[in-house]
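A note on names: the letters A, B, ... follow the listed sequences, proteins ahead of strands, and every chain is numbered from 1. Predicted, not measured: the structure shown is a model, and the values here were computed from it.
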There are 2 protein chains.
Amino acid sequence: MSEALGLERVRLLEGLPRQVLDDLRLRCRWRRWAAGQRIIERATPGRDVLLIVEGTVRVGHVTEDGREVTYAEIGPGGVVGELAAIDGGPRSAEVIAATDCRTAALPAEAFRALLLRHPETALRLLESYARIIRLADRRITELSTTGVAARLARELLRRAQRDRAGELAVEPLPTQEQLAGVVGTTRETIGRIMIQLTRNGLVRRRGRRLVLLDRDGLLHLAEPGSEPITEA
Amino acid sequence: MSEALGLERVRLLEGLPRQVLDDLRLRCRWRRWAAGQRIIERATPGRDVLLIVEGTVRVGHVTEDGREVTYAEIGPGGVVGELAAIDGGPRSAEVIAATDCRTAALPAEAFRALLLRHPETALRLLESYARIIRLADRRITELSTTGVAARLARELLRRAQRDRAGELAVEPLPTQEQLAGVVGTTRETIGRIMIQLTRNGLVRRRGRRLVLLDRDGLLHLAEPGSEPITEA
DNA sequence: GCGCGCCTGTAACCTCCGTCACAGCTCACG
DNA sequence: CGTGAGCTGTGACGGAGGTTACAGGCGCGC
């Protein structure tokens with residue numbers, strides 16, 4: 001069974017002895033999901049921890065009036081749904097498959113037992129939480145103190161990677177709607193700003209690939225108190 | 001030494017055997033702080049974990065252009081500064097004494113050793129992080145989808161407690177500036193909304209005590225998509 | 001190769017809220 | 001019981017960005 005190999009990819013479980021992994025495997029329920037499927041529904045009582053073996057999921061929240069907010073995107077090797085397992089609370093966010101996914105569901109009790117029996121794993125989890133909390137705090141600060149243009153510029157810089165041609169690019173470029181969810185604004189506003197960035201020669205779009213032409217310009221935009229974008 | 005009694009108050013350490021506490025005590029550096037003093041400075045290399053034995057601190061961030069954002073207020077029995085101890089990163093927030101405080105500083109290594117040796121304590125910490133992450137996510141959602149009035153109404157409802165007279169009140173009422181830091185806006189805007197709330201009979205202020213007269217009205221305001229505040 | 005859905009561009013409008021600039025309070029402390 | 005520092009009230013003003021409403025494009029599937 002090829003599935004048996006999946007758990008090795010989960011970063012949280014790295015370093016655990018083989019036999020512990022084997023034991024966990026027995027307790028998991030495996031499942032596949034198609035892109036777009038809802039994996040976890042908010043305000044629901046489930047407690048399972050989901051280990052993401054293949055694919056990427058989006059963790060977020062849809063408000064009553066239909067606006068979507070994205071908290072995080074989690075790729076293969078990641079874990080979602082542990083909050084409920086840890087504190088026994090209800091699901092506080094939605095988890096949606098961003099691509100086709102394969103997951104292993106571990107019951108809360110098994111997860112807690114694992115943490116108690118293997119403190120190094122608990123510490124790993126604490127480390128990842130430290131990162132999450134830092135990111136969340138930064139995002140709160142950005143939302144309360146900077147404008148949309150600065151937030152978008154930062155998000156693009158964060159996602160950009162240098163490719164072998166030496167270009168700094170975001171690829172695949174999320175849709176404007178998705179960026180809006182991450183940056184905390186509307187699709188239209190993202191669109192408007194993208195156009196300004198393009199006109200001013202800061203970026204260039206080719207299909208689902210966005211090249212950042214002027215890193216310094218974007219960095220400048222990202223600073224609080226920087227000038228609003230000028231007309232082309 | 002009365003200080004020796006302090007650590008018992010720290011919630012994270014509850015349940016640890018006496019001798020472990022005694023050992024921790026030996027490793028701590030005790031200190032007092034006056035209200036307003038800066039206890040931890042952002043972007044600084046310190047790694048100590050601070051156990052708050054007396055007083056309350058405010059965790060937040062001051063942006064380059066001088067705006068203040070408050071992430072959390074932590075009272076006696078709480079812990080701050082553990083992020084850096086856990087992941088070795090720099091201080092990501094400022095910690096300021098909101099009142100006179102007494103703290104015990106525990107070196108990062110001792111803290112990590114504690115977590116490894118006492119997994120129940122690590123799990124407690126994970127539980128508190130679960131709560132923090134949930135709160136942060138909610139705040140991100142609120143900041144990106146609701147207006148200031150709704151955010152303030154929620155904040156007031158969260159802080160309110162029923163007193164023996166049966167009144168729902170926030171006491172002591174933070175200054176408008178502090179509320180602005182928590183809610184993500186400016187002092188003036190808080191002031192204006194407070195006046196509207198008062199005029200419309202939703203709240204009444206007496207010095208540093210704010211009585212919430214109309215809980216349902218505030219709840220309604222707190223909903224996204226609710227009407228803006230009407231003129232009196 | 002032809003549609004049909006999902007994306008993206010564009011425009012007009014209007015409101016919330018940040019900014020700046022003071023005046024008036026209040027209360028703690030000398 | 002005065003006095004000043006830190007709070008709070010208020011007003012004018014402008015701009016960022018949310019809203020609504022389409023038109024056009026692009027790519028995927030049939």
Side-chain angles (χ1 to χ4, degrees), chain A residues 34-36 63 65-69 98 141-153 170 172-181 183-200 203-210 221 224-232, chain B residues 35-36 63 65-69 98-100 142-153 170 172-181 183-200 203-210 221 224-232:
Chain A
T63 59
D65 52 346
R67 296 197 45 180
E68 298 193 13
V69 180
T141 302
E142 290 178 3
L143 281 169
S144 17
T145 64
T146 73
V148 176
R151 303 206 299 273
L152 177 59
V170 178
L173 179 67
T175 67
Q176 296 184 348
E177 189 139 27
Q178 280 168 166
L179 282 174
V183 155
T185 180
T186 58
R187 196 223 96 214
E188 292 87 337
T189 300
I190 293 286
R192 279 190 276 268
I193 295 177
M194 281 293 200
I195 291 167
Q196 302 283 15
L197 294 180
T198 306
R199 287 215 222 292
N200 294 12
V203 304
R204 182 183 50 210
R205 184 162 82 88
R206 286 285 131 82
R208 299 251 65 92
R209 170 183 169 86
L210 187 80
L221 240 190
S226 75
E227 305 307 308
I229 309 183
T230 57
E231 288 298 319
Chain B
T63 60
D65 54 343
R67 296 195 46 181
E68 298 193 14
V69 181
T99 66
D100 292 351
E142 289 178 3
L143 282 169
S144 16
T145 63
T146 73
V148 178
R151 302 206 300 272
L152 177 59
V170 178
L173 179 66
T175 66
Q176 296 184 346
E177 189 140 27
Q178 282 167 164
L179 282 174
V183 155
T185 181
T186 59
R187 197 224 95 215
E188 293 89 331
T189 300
I190 294 286
R192 278 191 265 268
I193 294 177
M194 281 293 202
I195 291 166
Q196 302 284 16
L197 295 180
T198 307
R199 288 217 221 291
N200 294 13
V203 305
R204 182 181 51 209
R205 184 163 81 88
R206 286 287 131 81
R208 302 251 61 93
R209 171 184 169 83
L210 186 80
L221 240 190
S226 75
E227 305 306 310
I229 309 183
T230 57
E231 289 297 319

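Checked against D:dG18, C:dT10, D:dT10, the side chain of A:T189 finds its nearest nucleotide in D:dG18. Closest to the B:R67 side chain, of the nucleotides C:dT19, D:dT8, D:dT10, is C:dT19. Side-chain proximity of B:R205 to C:dT10, D:dT19, D:dT8: nearest is D:dT8. Taking the side chain of A:R192 as heavy atoms from C-beta on, and the options D:dT8, C:dA11, C:dC17, the nearest nucleotide is C:dA11.
Taking only side-chain nitrogens and oxygens, B:T175 never comes nearer than 4.0 Å to OP1 or OP2 of D:dC7. OP1 or OP2 of D:dG18 sits under 4.0 Å from a side-chain N or O of A:T185. Phosphate contact (OP1/OP2 of C:dC6, side-chain N/O of A:Q176, threshold under 4.0 Å): absent. For A:Q178, no side-chain nitrogen or oxygen approaches OP1 or OP2 of C:dC7 to under 4.0 Å. Contact between the side-chain N/O atoms of B:R208 and the OP1/OP2 oxygens of C:dA28 is not found at any separation under 4.0 Å.
Between A:I195 atom CD1 and D:dG24 atom P there is a gap of 15 Å when expressed in whole angstrom units. Taking atom CG of residue B:L179 and atom P of nucleotide D:dG9, one finds them 12 Å apart after rounding to whole Å. In this entry the distance linking CZ of A:R199 with P of C:dT10 reads 6 Å, nearest Å. Distance CD (B:E177) to P (D:dG9): 14 Å, rounded to an integer number of Å. For the pair B:L221 CG and C:dC16 C1', the computed distance is 14 Å after rounding to whole Å.
Judged by atom type and distance alone, A:R187 does not reach the base of D:dG18 through any side-chain donor-acceptor pair under 3.5 Å.
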